[in-house]
Each structure stands twice: as C-alpha cells, then as structure tokens.
Peer 1: 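Take this structure first; my questions come after.
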Number of protein chains: 2
Amino acid sequence: MAEQARSTRMSTITDVAREAGVSVATVSRALRGLDRVSADTRERVLKVAQELDYVASPTATSLASGRTQVVGVVAPFLTRWFFASIVSAIEKSLRARSHHVLLFDLEDDSYDSRLSLSQNMLWKRVDGVITLNLPLDPDEVDLLDRLNLPVVAIGTPIVGRPLVAIDDAVAMRQATEHLIDLGHQRIAYVGAVPDNVAHVLTPQTRLESFRATMREHGLQDQQRWILASDWTADSALEHATELLSSNDRPSAIVAASDEMAFGVLRAAAVLGLSVPDDLSVIGIDDHSLSAVMGLTTVRQDVQQQGVVAGELLLEALLEGRDLDESQQVHVPTEVVMRTSTSAPRRS
Amino acid sequence: MAEQARSTRMSTITDVAREAGVSVATVSRALRGLDRVSADTRERVLKVAQELDYVASPTATSLASGRTQVVGVVAPFLTRWFFASIVSAIEKSLRARSHHVLLFDLEDDSYDSRLSLSQNMLWKRVDGVITLNLPLDPDEVDLLDRLNLPVVAIGTPIVGRPLVAIDDAVAMRQATEHLIDLGHQRIAYVGAVPDNVAHVLTPQTRLESFRATMREHGLQDQQRWILASDWTADSALEHATELLSSNDRPSAIVAASDEMAFGVLRAAAVLGLSVPDDLSVIGIDDHSLSAVMGLTTVRQDVQQQGVVAGELLLEALLEGRDLDESQQVHVPTEVVMRTSTSAPRRS
DNA sequence: CTGAAAGCGCTTACAG
DNA sequence: CTGAAAGCGCTTACAG
C-alpha cells in the first residue's frame with residue numbers, strides 16, 4: 001500500500017486519514033503536534049504518514065492558515081560579497097526554523113537603476129521581508145504598510161522598521177584612527193559617491209565620519225584627497241592611480257570598503273609603490289579575499305547580521321512580537337591588522 | 001469604494017466580481033486573458049480590478065492550478081563568485097517571465113559537508129528546480145524522479161537531466177595552450193582536489209585536460225608541480241608559496257579558477273617575484289575582480305549560463321517541452337589576456 | 001460569452 | 001479526545 005502510493009503519486013492528508021482510520025482534522029492536529037490528540041492516535045497517524053511518505057502541501061497549508069513560511073529577501077544586487085554572504089546566512093538561519101527564502105534581486109539591466117518592489121512580488125506570497133541595504137522610496141514604504149508585512153532592514157534603515165547594521169560612523173572612525181595611531185597624517189579617502197545616490201546612507205556616513213575623525217585629531221582632509229568611486233574595485237583603481245601618480249602623495253589611504261581597497265592595492269602595485277612602506281591601505285568589511293591580500297581592515301560580522309535579522313523576523317512571525325523602529329541592533333566591528341598598514345616612512 | 005477596499009484590506013476575486021457585476025469565473029478568465037470573454041466585459045473587469053488594487057492570491061492560484069510559479073535554485077554554497085553571479089542571472093531571467101526563485105543554500109555549518117535535498121523542501125512548493133554545480137547522490141535523484149519535477153543542471157551533470165555548462169576540458173586547454181604558445185615549458189598547476197570530493201567532476205576534468213594538453217605538446221607535467229587546493233584563494237596562496245620558494249621554480253602557473261589565481265598572484269608578490277616577468281599566471285572564470293588584478297584568464301559567461309538554464313526550464317513549464325539528458329548546452333569560453341602572462345624570460 | 005458548482009488540500013472553530 | 005463542516009481564494013470542466 002505504502003509502496004503503491006509511493007510509486008504512483010505523493011499522498012494527501014485524506015490518504016493518511018483513511019489509512020489510519022481517523023478524520024483529516026485529527027491527522028492535521030496529530031501531525032502538527034497540537035494538544036487534544038491521544039497518544040495512541042497520534043502514534044498511529046505518525047506511522048501511517050511516514051509509510052505513505054506524506055508531506056503536507058505547503059500551498060494548501062498556506063491558503064488555509066494564511067501563512068506561507070516564506071520570507072522575501074530583497075537586495076539591490078547580489079554579486080557583491082556583502083550581499084551574497086548575508087543572503088547565505090539568512091537562508092540558513094531561516095531554514096533551521098522551517099522557513100524559506102524567496103529571493104529578489106532588484107538590480108536592473110539598465111545600469112545604475114533598480115526595479116521597484118511591487119505588490120505582486122509580495123502579496124500573499126511571503127510572511128515577511130528582509131531588505132538588504134535598500135533605501136526604499138515612499139511608495140514602497142507605503143506598499144509595505146498596506147500589505148501589513150513585518151519587515152526587518154539590514155544596513156540601510158527603513159522608517160518605522162527594525163534595523164540590523166554595523167555602526168558606519170564607528171567603523172570608519174576605527175579605520176581612520178588605526179592609521180592616525182600608526183603616525184599617519186597625510187591620509188586620503190576613497191568612496192565618495194555622486195550626488196544622485198545621496199539617498200544611500202552608508203557612503204555619506206562613512207565619509208562624514210572620516211572627516212570628523214580627521215578634524216578631531218587636528219588633521220586636515222584635503223578635498224583633492226577625497227576620491228570618488230562607485231564602490232567598485234575598478235573605479236577605486238582608476239582614481240587611486242591618478243592620485244598616486246602625482247608628486248604630492250598621501251602616506252595612507254582609507255577605502256570605504258574592502259573591494260575598493262583591492263583597487264587601491266592594485267594601483268600601488270602597478271605604480272611600483274610598496275605597501276605598506278610607501279603607502280598604507282585599510283578597508284572596511286573583511287571580504288573573503290582580504291586575508292589573502294594581506295589587507296588590514298575593519299571587520300564586520302556579516303553572518304551575525306543575517307542571523308539577528310532572521311531571528312527578529314521569526315519572533316514577529318512565530319511569537320507575534322511587534323516590530324518597530326525602536327529595535328536597532330548594531331553589530332560590533334573591529335580592526336584586523338594585516339600587512340597593508342604600518343607606520344609611515346620618515347621623510 | 002475603491003478607496004475603502006484599499007485602506008482596509010487587499011481585495012479578492014469575489015470583490016472584483018461583485019463590483020463588476022459578473023461571476024468570479026468570468027473575472028478569472030478576463031484577468032488571465034483567456035478567450036471566451038467579450039471585450040466589454042473584459043474591459044470592465046480590468047478597470048474594477050485596477051481600482052481595487054486586485055492581485056490574485058498566489059497561494060490560492062497555486063492550489064487550484066497546481067503550479068506555483070516558483071523555481072527552486074539549489075546551490076552547494078552561495079558566497080563564491082560563480083554562485084552569486086549565476087543566481088542573480090537566473091533570478092532576473094525568471095522574474096521577467098513571472099516566476100520566482102526559492103533559494104536553497106546547502107552549505108552546512110559543519111565544514112566540508114552539505115545538506116541533502118529533502119522532500120519537504122520541494123514537494124508542491126516549486127514547479128521545477130535548477131541545480132548549481134551540485135553532484136546529487138542516488139537518493140536525491142530518486143527524490144527528484146518521484147516528485148516528477150523538471151530539473152536543469154548547471155555545471156555538474158545530473159543523470160537524465162539537461163545540462164548547461166562550459167566545456168571544462170576545452171577551457172583548461174585554452175588556458176594551458178595560452179601559456180605554451182607564449183613559450184612556456186615549465187608549467188605548474190593549482191587545483192588538484194582531495195579524493196573525497198572525487199564526485200565533483202570539474203576539478204577532475206580540468207586537471208586531466210591540463211595533463212593531456214601538456215602531453216600533446218611534448219611537455220611533461222611533474223607531479224610535484226601539480227598543487228592541491230580546496231579551490232579557495234587561501235589554500236592556493238599556501239601551496240603556491242611553498243612551490244615558489246624552492247629553487248626549481250616553474251615559469252608559469254595555471255590555476256583552475258580565478259580565485260586560486262589570486263592566491264598565486266599574492267604568493268608571488270609576497271616572495272618578491274615579478275608577474276609576468278618572473279612568473280606568468282592564468283586562471284579560469286573572469287571573476288569580477290580579475291580585471292582589476294590584471295589577471296589573464298579564460299572567461300566563462302556566467303550570466304548566459306543562468307539565462308539559458310532559465311529558458312530551458314521555462315520551456316518545460318510553460319510549453320510542456322520534455323527535458324532530458326540529450327539537451328547539453330555548452331557555453332563558449334575565450335582567453336582574455338591581461339598583464340599576468342607574457343613570454344618566459346630567457347634564462 | 002457567461003455562470004453555478006465542484007474541487008485543489010489543508011486548517012479551524014464548533015459540537016459532542 | 002474526535003469528527004463534520006465551513007472556509008481559505010482561486011481554476012476548471014460542464015451547461016447553457
């Protein structure tokens with residue numbers, strides 16, 4: 001019997017009920033471990049369910065219960081280290097609690113733009129959503145409100161929602177002070193973004209923190225040493241090459257991300273500058289390639305951020321806990337010194 | 001009325017039917033663009049649906065129609081370049097055809113192992129699945145058969161299923177011959193994996209192709225120059241450092257992946273060897289950081305692989321086309337020469 | 001061209 | 001502790 005069910009089609013709750021000699025309601029209760037079922041009955045139902053290879057249809061369960069056990073994870077793009085790492089952490093942490101990840105990569109084919117969150121992406125399809133460094137426009141916030149979905153933001157804040165992130169100002173202060181403590185005074189910066197992405201907070205916050213830290217230490221940041229970059233290694237390479245080719249070079253560069261730091265490292269290598277003798281370089285992230293590159297950096301624990309965000313959302317989903325802006329989790333960062341920084345050469 | 005519906009709850013097909021003065025069956029047909037609906041009726045229904053902000057409940061649609069519009073994408077891990085890139089490509093290509101990606105990252109917390117595909121991950125939850133470089137054990141293939149799901153494999157083949165991949169043997173031949181054509185004879189290799197992962201084909205195929213190519217050109221591959229690596233940059237760095245520290249050095253190294261090539265590049269830099277003067281290095285992939293690193297490599301078009309796999313699956317889902325082992329799509333590869341390779345120094 | 005009704009496979013009060 | 005029945009919100013023959 002079990003064999004036959006197995007070979008023809010997957011069985012339904014009705015099959016289990018018939019085979020166990022009880023009603024479908026009882027099967028439902030027994031399988032979900034609800035209270036009012038006798039030990040005897042439960043055992044029999046479980047045994048039959050196993051024999052029949054029964055797994056409840058998630059789609060039927062969703063329709064009846066109103067919950068999908070699916071969480072939407074929305075990213076502005078996926079191919080950068082931070083995003084892939086955090087999606088991985090979220091997926092594992094949710095699956096450990098029987099939830100699944102429906103993935104949305106909003107990166108558009110047309111350069112420099114992204115798709116909008118839309119109702120038919122989310123409506124009745126997910127129980128909640130986690131956003132990754134995603135500044136939402138008012139319409140999107142509105143949509144989330146109307147859909148009445150629990151949301152947890154990672155990285156970039158969303159009004160009225162919990163946030164899990166590192167403290168960008170602190171991280172940049174750590175990077176900058178690492179250089180200053182080493183004795184550097186001539187420090188350049190890579191990672192100033194164009195005005196049209198001013199709505200993304202992280203770049204702004206890091207740059208401001210760099211400037212504030214320099215000021216506090218009585219150092220001047222020269223505008224000409226604040227390099228633009230779209231936060232890719234390529235653009236950092238380009239701009240750093242220009243800066244480092246000039247006669248008046250900084251003794252150190254802080255890059256607002258490790259990927260940009262890779263570009264700086266490469267610029268130095270191509271120009272024949274020795275790191276850290278001629279130039280110290282520090283980044284922020286602890287990218288998976290940073291150890292290999294010997295890059296000193298400010299490490300952020302991406303995995304932890306994913307796990308914390310997942311737990312917050314699950315608390316809302318499973319225990320009905322309210323989510324609001326008051327819940328701000330800042331994950332600590334720390335300097336990891338490798339071989340790309342040292343005291344400046346006496347000149 | 002529309003306003004009220006909007007502010008209180010999302011509307012259902014019944015709301016639209018009532019408001020438009022037709023039956024739910026007619027709404028269903030009109031909205032899905034089916035034949036037998038008068039232009040008048042259709043127009044009215046569409047208008048009302050829009051006013052009410054109606055979006056069909058995917059979960060109800062799934063239960064009634066038997067299709068979820070969701071595709072499972074299963075990866076052994078996510079945080080490496082290839083996987084993140086291809087997931088991104090798949091997500092976009094599927095979403096363009098109204099399908100969504102349910103993501104499974106099988107990487108386990110316990111090092112070196114992965115989770116099994118299980119019935120409750122897939123059963124009634126997805127219409128089909130795409131596997132990424134995932135060697136399946138017999139039980140998993142069996143499960144896929146019982147579930148009767150269309151499957152497309154990327155990278156690593158699965159018995160009885162279509163495959164989208166590059167030709168590993170050709171790619172490695174291209175890499176090796178690039179070096180040979182440049183005049184190299186003393187060529188080392190990084191990327192031999194331990195025996196316990198012998199079921200993953202790519203590493204085996206690439207190594208065999210390296211050896212065959214060397215042989216064909218009358219060159220000997222010394223066993224001592226075949227370096228082990230778990231395919232991370234770290235382990236390549238470690239083994240390359242050892243090799244390059246010896247007196248008897250190769251003039252070139254081919255790495256079976258760009259990430260490993262990064263480790264080799266770093267080893268050379270740390271040891272003060274100049275690339276390409278003292279050592280030529282070539283990889284396979286064209287990783288997003290390869291251009292910045294100046295790495296010569298054999299490019300594979302990951303995006304295209306994702307798109308092709310998505311289309312194959314959609315043909316099966318939407319047009320009922322059968323999928324089987326006979327469908328093998330090999331995406332072409334090509335050498336991209338940058339600054340990490342050159343003719344060997346005359347010695 | 002349109003509607004009434006059954007059905008998809010569950011969950012959830014409500015009785016008992 | 002257990003069952004009968006309604007309901008979740010759609011789709012799909014079947015009539016007309």
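Order of the sequence lines fixes the chain letters, A, B, ..., with proteins taken first and strands second; residue numbering starts at 1 for each chain.
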Peer 1: Nearest whole angstrom, please: distance from the P of C:dT11 to the CZ of A:R67.
Peer 2: 13 Å
Peer 1: Rounded to the Å, how far apart are B:R125 CZ and C:dC10 P?
Peer 2: 12 Å
Peer 1: Find which nucleotide of DNA chain D each of B:V27 and A:A60 is nearest to by heavy atoms, and output the residue with the more 5' nucleotide.
Peer 2: A:A60
Peer 1: Just how far, in rounded Å, is P of D:dT11 from CG of B:L31?
Peer 2: 8 Å
Peer 1: Has B:Q303 got more than 12 heavy atoms of other residues, nucleotides or ligands less than 6.0 Å from its CD?
Peer 2: no
Peer 1: When you measure from the side-chain N and O atoms of B:T61 to the phosphate of D:dC10, is any distance below 4.0 Å, counting only OP1 and OP2?
Peer 2: no
Peer 1: Can you name the ring pair (Phe, Tyr, Trp, His ring centres under 6.0 Å) partners of A:Y54, sequence neighbours left out?
Peer 2: none
Peer 1: Output yes when at least one side-chain N/O atom of B:S23 is less than 4.0 Å from OP1 or OP2 of C:dG3, else no.
Peer 2: yes
Peer 1: As a test of reading the structure: which of C:dA4, C:dC10, D:dT2 is closest to the side chain of A:T26, going by heavy atoms?
Peer 2: D:dT2
Peer 1: Which residue pairs pass the salt bridge (Lys or Arg N to Asp or Glu O under 4.0 Å) test with at least one member in residues 147-165 of chain B, sequence neighbours excluded?
Peer 2: B:D145-B:R161
Peer 1: Could you pull out all residues at least two apart from B:R29 that satisfy salt bridge (Lys or Arg N to Asp or Glu O under 4.0 Å)?
Peer 2: none
Peer 1: Measure from CE on A:M10 to P on C:dG9 and round the result to the nearest Å.
Peer 2: 13 Å
Peer 1: Pair up each side-chain donor or acceptor in residues 134-144 of chain A with any protein partner under 3.5 Å, not counting sequence neighbours, and list the distances.
Peer 2:
{"residue": "A:D137", "atom": "OD1", "partner": "A:D139", "partner atom": "N", "Å": "3.1"}
{"residue": "A:D137", "atom": "OD1", "partner": "A:E140", "partner atom": "N", "Å": "2.9"}
{"residue": "A:E140", "atom": "OE1", "partner": "A:R114", "partner atom": "NH2", "Å": "2.9"}
{"residue": "A:E140", "atom": "OE1", "partner": "A:D137", "partner atom": "N", "Å": "3.0"}
{"residue": "A:E140", "atom": "OE2", "partner": "A:R114", "partner atom": "NH1", "Å": "3.1"}
{"residue": "A:E140", "atom": "OE2", "partner": "A:L117", "partner atom": "N", "Å": "2.8"}

Peer 1: Select one nucleotide: of D:dC8, D:dC10, C:dC10, the one nearest the side-chain heavy atoms of B:I13.
Peer 2: D:dC10
Peer 1: Please list, chain by chain and in numerical order, all residues satisfying ring pair (Phe, Tyr, Trp, His ring centres under 6.0 Å) with B:F82, sequence neighbours excluded.
Peer 2: none
Peer 1: Which pairs pass side chain to side chain donor-acceptor pair (under 3.5 Å) with one or both residues in residues 306-320 of chain A, sequence neighbours excluded?
Peer 2: A:E315-A:R321
Peer 1: Do any N or O atoms of the protein come closer than 3.5 Å to N or O atoms of nucleotides 12-16 of chain D, and which pairs are they?
Peer 2:
{"residue": "D:dT12", "atom": "OP2", "partner": "B:R32", "partner atom": "NH1", "Å": "3.0"}
{"residue": "D:dA13", "atom": "N6", "partner": "B:R29", "partner atom": "NH1", "Å": "3.4"}

Peer 1: Can you find a side chain N or O atom of B:T41 that sits less than 4.0 Å from OP1 or OP2 on C:dT2?
Peer 2: yes
Peer 1: Between B:A39 and A:V55, name the one whose nearest nucleotide on DNA chain C is closer to the 5' end.
Peer 2: B:A39
Peer 1: What is the distance from atom CG of A:L102 to atom OG1 of A:T68, rounded to the nearest 0.5 Å?
Peer 2: 8.5 Å
Peer 1: Quick one: the dot-bracket string of DNA chain D, using Watson-Crick and G-U wobble pairs with both distances under 3.5 Å, [ ] for crossing pairs and | for bases paired to another strand.
Peer 2: |||.||||||||.|||
Peer 1: Excluding sequence neighbours, so at least two apart, what forms salt bridge (Lys or Arg N to Asp or Glu O under 4.0 Å) with A:R32?
Peer 2: none
Peer 1: I want to check one thing: is the phosphate of C:dT2, taken as OP1 and OP2, less than 4.0 Å away from some side-chain N or O of B:S38?
Peer 2: yes
Peer 1: Can you measure A:L63 atom CG to C:dC10 atom P for me and round it to whole angstrom units?
Peer 2: 12 Å
Peer 1: Starting at atom OH of B:Y54, determine the distance to atom P of D:dG9, rounded to an integer number of angstrom.
Peer 2: 10 Å
